[in-house]
Number of protein chains: 2
Amino acid sequence: MQKEHNLSKNQKIIFDLIDKSRGPMKAYSILFNVQKKGIKAPLQVYRALDKLVEIGKIHKIESRNAFIACQNSSCQISKATAFSICESCENVSEISNLKLSKYLSNFSDSSGMKYSKYNLEFFGLCKKCKSK
Amino acid sequence: MQKEHNLSKNQKIIFDLIDKSRGPMKAYSILFNVQKKGIKAPLQVYRALDKLVEIGKIHKIESRNAFIACQNSSCQISKATAFSICESCENVSEISNLKLSKYLSNFSDSSGMKYSKYNLEFFGLCKKCKSK
DNA sequence: CTTATAAATGTTATATTATTACATACTGTT
DNA sequence: AACAGTATGTAATAATATAACATTTATAAG
Ligand SMILES: [Zn+2]
Ligand SMILES: [Zn+2]
Ligand SMILES: [Zn+2]
Ligand SMILES: [Zn+2]
């Protein structure tokens with residue numbers, strides 16, 4: 001069972017925007033979209049984003065500097081994220097694959113390092129773009 | 001057998017710097033370090049970096065906006081990269097694990113998407129930092 | 001209810017990362 | 001020599017992210 005997080009005002013505004021968006025959103029595009037709601041400065045956006053990432057409601061797509069709502073109904077696995085990214089249309093979706101996440105969560109190598117988190121990004125062409 | 005790439009002047013300067021560095025380097029730190037060699041502008045650095053990434057001599061650590069020399073003696077798998085990152089000392093090393101790369105290269109899911117590339121970043125504490 | 005503490009907000013300025021645009025030069029091939 | 005492709009030089013600017021400081025709100029303990 002997941003801990004209930006009561007989002008603050010800014011966090012709620014920003015989460016709702018990202019959640020309704022079709023794809024990943026960039027910080028300054030978020031800022032532009034919430035200015036009518038009184039959020040005026042980049043820092044207000046980044047602070048909310050930081051918190052939302054921390055509690056797993058959104059994830060950062062590192063290769064795109066963009067943020068997407070968790071698609072695993074409030075991710076149990078915010079420390080174990082995987083995405084597929086279309087290099088043509090930039091469509092992104094979160095991969096939810098138990099085998100994959102188990103494999104990676106249990107991965108260890110000779111370095112003696114214990115991994116507590118990972119992020120995986122797959123790139124390719126989505127079905128639509130492939131057939132063009 | 002890997003294709004031999006004749007690096008241009010700027011590419012060589014920048015690759016040598018990154019290759020000699022102990023850890024990942026950031027673009028503007030690279031710029032600062034090569035100014036004495038006549039490279040004056042960010043764009044000169046970014047162009048060389050782009051090319052070096054393209055041919056697999058270096059990789060970008062996306063979560064850190066930093067660049068590291070390929071540690072697999074000129075990576076055959078520049079489209080299949082995996083790194084371990086210590087969240088305390090920021091030490092980064094490239095993971096070279098045949099099982100892992102095979103598993104990920106062959107990964108497919110129900111999306112119908114054919115993945116041609118991936119990047120995986122593991123986070124945790126390295127041996128040294130764990131014992132502190 | 002009061003006090004203490006942590007979390008969130010507001011605001012300004014600034015730092016860091018990356019690209020656009022345009023002119024020129026070098027490299028290899030026909 | 002003509003051409004195509006790659007690389008370079010330079011200035012300006014765009015896009016992404018954080019520092020510093022003052023204030024306010026939420027939560028919990030006494
Ligand atoms: Zn998720
Ligand atoms: Zn697509
Ligand atoms: Zn490599
Ligand atoms: Zn460490």
Side-chain angles (χ1 to χ4, degrees), chain A residues 3-18 21 23-68 78 85 87 90 92 119 121, chain B residues 3-18 21 23-68 85 87 90 92 119 121 123:
Chain A
K3 185 172 174 235
E4 185 55 43
H5 285 284
N6 295 312
L7 301 183
S8 72
K9 179 175 135 269
N10 288 359
Q11 289 159 14
K12 206 169 317 191
I13 291 170
I14 287 172
F15 174 72
D16 285 347
L17 177 66
I18 297 173
S21 141
M25 291 195 76
K26 306 201 132 208
Y28 276 72
S29 149
I30 292 168
L31 175 57
F32 178 80
N33 276 277
V34 296
Q35 275 177 333
K36 45 183 172 278
K37 305 225 173 187
I39 294 176
K40 291 175 188 159
L43 192 47
Q44 295 175 289
V45 172
Y46 281 105
R47 282 197 286 224
L49 290 173
D50 283 352
K51 185 68 183 186
L52 292 167
V53 166
E54 184 194 325
I55 64 181
K57 301 280 289 181
I58 65 172
H59 305 301
K60 181 171 187 182
I61 310 299
E62 294 286 358
S63 66
R64 300 298 187 261
N65 298 317
F67 300 85
I68 192 172
S78 76
I85 302 170
E87 290 186 296
E90 292 295 326
V92 173
N119 179 57
E121 299 181 3
Chain B
K3 187 176 175 231
E4 183 56 41
H5 285 284
N6 295 311
L7 301 184
S8 73
K9 178 173 136 270
N10 288 0
Q11 289 160 15
K12 205 168 317 188
I13 291 170
I14 287 173
F15 174 71
D16 286 347
L17 177 66
I18 297 173
S21 142
M25 292 196 75
K26 308 200 132 208
Y28 276 71
S29 148
I30 292 169
L31 176 58
F32 178 79
N33 276 276
V34 297
Q35 275 177 334
K36 45 182 174 276
K37 305 225 175 191
I39 294 176
K40 292 175 189 159
L43 190 48
Q44 294 174 290
V45 172
Y46 280 106
R47 282 197 285 223
L49 290 174
D50 283 351
K51 186 67 185 188
L52 291 167
V53 165
E54 185 194 326
I55 64 180
K57 302 279 289 180
I58 66 173
H59 304 301
K60 182 171 187 181
I61 310 300
E62 294 286 358
S63 65
R64 299 300 186 260
N65 298 319
F67 300 86
I68 192 173
I85 302 171
E87 289 185 298
E90 292 295 325
V92 173
N119 179 57
E121 298 180 4
F123 306 90

Grab the [atom1]-[atom2] distance between [X] and [N] for me, whole Å please.
X: A:Ile14; N: C:dG10; atom1: CD1; atom2: P; result: 10 Å
X: B:Ile55; N: D:dT6; atom1: CD1; atom2: P; result: 13 Å
X: B:Glu62; N: D:dT16; atom1: CD; atom2: P; result: 14 Å
X: B:Phe32; N: C:dT17; atom1: CZ; atom2: P; result: 15 Å
X: B:Leu7; N: D:dT6; atom1: CG; atom2: C1'; result: 13 Å
X: B:Tyr46; N: D:dT6; atom1: OH; atom2: C1'; result: 22 Å
X: A:Leu31; N: D:dA14; atom1: CG; atom2: C1'; result: 15 Å

Q: Taking B:Glu54 for its side chain and B:Lys51 for its backbone only, find out whether a donor-acceptor pair lies under 3.5 Å.
A: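 Side chain of B:Glu54 to backbone of B:Lys51: no pair is present.
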Q) Is a side-chain N or O of B:Lys57 found less than 3.5 angstrom from the main chain of B:Leu7, in a donor-acceptor match? A)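 Here the side-chain-to-backbone pair does not exist.
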Q) Can you tell me how far the CD1 atom of B:Ile13 sits from the CD1 atom of B:Ile39, to the nearest 0.5 Å? A) 4.0 Å
Q | Pairwise distance CG(A:Asn6) to NZ(A:Lys12) - rounded to 0.5 angstrom | A |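 Rounded to the nearest 0.5 Å, the CG-NZ separation comes out at 7.0 Å.
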What nucleotide among [options] has an atom nearest to a side-chain atom of [X]?
X: A:Gln11; options: D:dA17, C:dT17, C:dA8; result: C:dA8
X: A:Leu43; options: C:dT12, C:dT17, D:dT10; result: C:dT12
X: B:Arg47; options: D:dA17, D:dC21, C:dC22; result: C:dC22

(Q) Let's test your reading of the model: under 3.5 Å, does the base of D:dA17 pair with the side chain of A:Tyr28 as donor and acceptor? (A) yes
(Q) Taking the nucleotide of DNA chain C with the nearest heavy atom to each, does A:Ile39 or B:Arg64 sit closer to the 5' end? (A)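 Result of the comparison: A:Ile39.
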If you compare every side-chain N and O of [X] against the phosphate oxygens of [N] (OP1, OP2), does one of them come in below 4.0 Å?
X: A:Lys9; N: C:dG10; value: yes
X: A:Ser8; N: D:dT25; value: no
X: B:Asn65; N: C:dT16; value: no
X: A:Asn6; N: D:dA26; value: no
X: B:Asn10; N: D:dG9; value: yes

Q: Begin with the C-alpha distance, continue with both residues' side-chain angles, and end with the deciding distance and a verdict on side-chain hydrogen bond (donor to acceptor under 3.5 Å, both in side chains) for A:Asn119 and A:Glu121.
A: CA-CA 7 Å; A:Asn119 179 57; A:Glu121 299 181 3; 3.2 Å; yes
**Q.** Position toward the 5' end of DNA chain D (nearest nucleotide), A:Lys26 or B:Gln44
**A.**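 Checking each residue's closest nucleotide, the 5'-ward one belongs to B:Gln44.
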